[in-house]
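Here the structure comes first, spelled out in structure tokens, and everything after it is commentary.
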Protein chains: 2
Amino acid sequence: MTKPLLVHRTLSAAIVERIRQDILDGRHAPGQPLRQDSLAASFGVSRIPVREALFQLEAEGLVRIEPHKGAIVLGLVPDEVDDVFDLRLLLEPRLLASSLPRLTDADFAEAQALDATFGDAIEQQDIARWGELNAELHLCLYRRATQPRTLSIVASLLQSSERYTRLQLGGLPELTRARREHRALIKLCRTGDSKAACKLLTAHIEEVRKDLQRLFQAPKRRARKGRSAS
Amino acid sequence: MTKPLLVHRTLSAAIVERIRQDILDGRHAPGQPLRQDSLAASFGVSRIPVREALFQLEAEGLVRIEPHKGAIVLGLVPDEVDDVFDLRLLLEPRLLASSLPRLTDADFAEAQALDATFGDAIEQQDIARWGELNAELHLCLYRRATQPRTLSIVASLLQSSERYTRLQLGGLPELTRARREHRALIKLCRTGDSKAACKLLTAHIEEVRKDLQRLFQAPKRRARKGRSAS
DNA sequence: GAATCGTACATCGTATACAATCTACACGCC
DNA sequence: GGCGTGTAGATTGTATACGATGTACGATTC
């Protein structure tokens with residue numbers, strides 16, 4: 001499996017993951033300060049690896065650190081949601097077009113395996129899992145692209161998306177639709193029809209965005225603290 | 001001004017800047033390992049702030065850290081140069097179009113001030129300076145855009161560009177042309193003609209890219225170590 | 001009573017010390 | 001001779017300890 005959990009090379013890396021999950025799952029609310037001492041105590045480690053973890057999370061855009069004051073969890077800004085999905089629509093088809101001709105059978109096999117695991121995660125309601133599986137699946141299809149910078153940007157956009165999409169955790173119909181689209185996408189990629197595949201990919205991302213927009217408008221308002229204009 | 005220089009809130013932040021400059025200026029060659037001990041000794045500090053600086057530089061894409069092995073300076077991959085400029089061409093006009101209608105007189109004044117400083121830096125051959133001034137100038141024009149994520153991505157792309165363009169340090173004609181284009185761009189932005197401004201911006205970025213391509217082909221080959229396929 | 005100052009506490013930043021891991025080279029075995 | 005093994009040195013990772021900075025709150029002054 002992709003979750004050995006014990007094979008983190010360093011404590012810092014393990015703690016990054018723990019805190020990241022806690023933020024994504026909402027166990028640390030936006031605006032909430034993350035005290036080094038209390039985190040260190042809760043993990044049973046010293047503050048050093050906690051500090052390094054917080055720095056990494058700041059680079060990922062999940063927290064903001066102010067010198068001598070501490071780290072606070074950043075909130076979800078509606079502007080940013082739009083921006084992230086605009087960027088995905090702009091960049092992912094480009095990546096796919098570049099990567100598709102170079103994809104190997106092994107790549108397709110891996111994509112299908114990820115899709116299968118994705119299906120399992122849906123059945124088991126494993127919310128924490130299907131978000132990252134979705135990201136892995138997308139990245140798997142882009143991996144042969146010759147655009148390393150775009151690739152790393154998209155990886156980070158996918159992770160941000162995960163944070164948003166995790167809000168709609170229960171959405172069974174959306175998930176099964178997403179999976180259907182994934183399977184169709186993989187199939188199309190195998191045929192090598194780049195144009196059609198990009199089109200489908202675009203539609204797929206649009207659908208997810210629409211799901212999210214519906215979610216942002218319909219239910220109760222969410223907190224918007226934790227991020228000032230910079 | 002935007003260069004307080006002395007008021008780094010922490011040692012880590014100051015060291016980030018020092019090491020970054022050393023890499024950009026080529027004092028640390030690609031592929032070269034950065035030992036925590038020796039860096040700490042050369043700055044007269046302990047390894048803790050050095051470690052934190054290295055983590056930040058990894059997030060910026062200047063070094064790669066392998067657990068228990070250390071940090072090495074990343075090299076310039078030709079693929080990435082293309083990628084970075086493609087992304088700039090894709091994203092910067094979008095930002096400008098969004099920001100332009102909201103730009104204030106103060107913003108324009110600041111842009112012109114930056115341009116003037118840029119001119120001074122050219123005269124004084126202050127290579128370390130004009131790269132970041134160029135970035136500040138571009139960002140100044142984009143600052144009112146409602147796309148926070150794109151903004152931070154472009155900021156990082158501009159910094160990467162700086163690394164490339166710094167190779168051609170001597171290029172007086174390229175620099176004066178760049179400055180001319182900047183002034184024209186600011187003027188156009190003042191008129192509010194978004195379409196024309198974006199067109200000029202695109203041409204401007206294209207020109208810089210061409211300068212760089214010329215540089216990559218003409219002179220001797222550069223080292224390409226320090227980055228493995230990931 | 002409002003404002004300023006100052007002190008105590010909480011929290012962060014950095015130095016020092018120790019433990020864990022990696023690398024290189026010598027040794028022994030097949 | 002090739003190849004695994006093991007040990008010493010180098011380097012990184014983490015814990016503990018101390019100093020610096022920020023914040024809250026009460027005292028003092030006008």
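Just so it is clear: chains get the letters A, B, ... in the order the sequence lines come, proteins before strands, and each one is counted from 1. Quick caveat, the model's predicted, so the values are computed rather than measured.
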Between Arg51(B) and Glu52(A), does at least one N-O distance fall below 4.0 Å, as a salt bridge requires? yes

In whole Å, what is the span from the CG atom of Leu11(B) to the P atom of dT16(C)? 12 Å

Under the 3.5 angstrom rule, does the side chain of Ser99(A) hit a backbone N or O of Leu141(A) as a donor-acceptor pair? yes

Phosphate OP1/OP2 of dC12(C): any Thr10(B) side-chain N/O under 4.0 Å: no

I need the CD-P distance between Gln56(A) and dG13(D), as an integer number of Å. 13 Å

N-O pairing of Arg209(B) and Asp82(B) below 4.0 Å: yes

For atom CZ of Arg35(A) and atom C1' of dC12(C), their distance in whole Å: 9 Å

Measure from CD on Glu66(A) to C1' on dA20(D) and round the result to the nearest Å. 18 Å

Residues Arg149(A) and Asp83(B): closest non-hydrogen pair is N-OD2, 2.8 Å

At less than 4.0 Å, is any side-chain N or O atom of Ser12(A) found next to OP1 or OP2 of dT14(D)? Yes or no. yes

Without decimals, in angstroms, what is the distance between His8(A) NE2 and dG13(D) C1'? 16 Å

Rounded to the nearest Å, what distance is computed from the CG atom of residue Asp37(A) to the P atom of nucleotide dA15(D)? 13 Å

Are Ser156(A) and Glu60(A) packed together at the side-chain level, in the sense that at least one heavy-atom pair is separated by less than 4.5 angstrom? no

Has the side chain of His68(A) got a donor or acceptor atom that lies under 3.5 Å from a matching backbone atom of Arg9(B)? yes

Could you tell me whether the phosphate oxygens of dA10(C), OP1 or OP2, come under 4.0 Å of any side-chain nitrogen or oxygen in Gln36(A)? no

Closest heavy-atom pair, Phe85(B) versus Leu212(B), reported as atoms and distance to 0.1 Å, is CE1-CD2, 3.6 Å

CZ of Phe55(A) versus C1' of dT14(C): gap in Å, rounded? 12 Å

Nearest whole angstrom, please: distance from the P of dT12(D) to the CD1 of Ile72(B). 12 Å

Side chains of Asp107(A) and Thr104(A), donor plus acceptor under 3.5 Å: yes

Determine whether a donor-acceptor pair (N or O, by modelled atom type, separation under 3.5 Å) exists between the side chain of Ser98(B) and the backbone of Arg94(B). no

What residues from residues 43-52 of chain B pass a heavy-atom cutoff of under 4.0 Å to DNA chain C? Val45(B), Ser46(B), Ile48(B), Pro49(B)

Under 3.5 Å, which protein N or O atoms sit close to an N or O of nucleotides 5-10 of chain D? Give each pair with its distance.
none

Any ion pair linking Arg143(B) and Glu110(B) (charged N to carboxylate O, less than 4.0 Å)? yes

What one should report as the nearest heavy-atom pair of Arg35(B) and Lys69(B) is NH1-O, 3.4 Å

Please list, for nucleotides 21-24 of chain C, all pairs of protein and nucleotide N/O atoms separated by less than 3.5 Å.
from    : atom 1 : to       : atom 2 : distance (Å)
dT21(C) : O4'    : His68(B) : ND1    : 3.3
dT21(C) : O3'    : His68(B) : ND1    : 3.2
dC22(C) : OP1    : Arg9(A)  : NH2    : 2.3
dT23(C) : OP1    : Lys69(B) : NZ     : 3.4

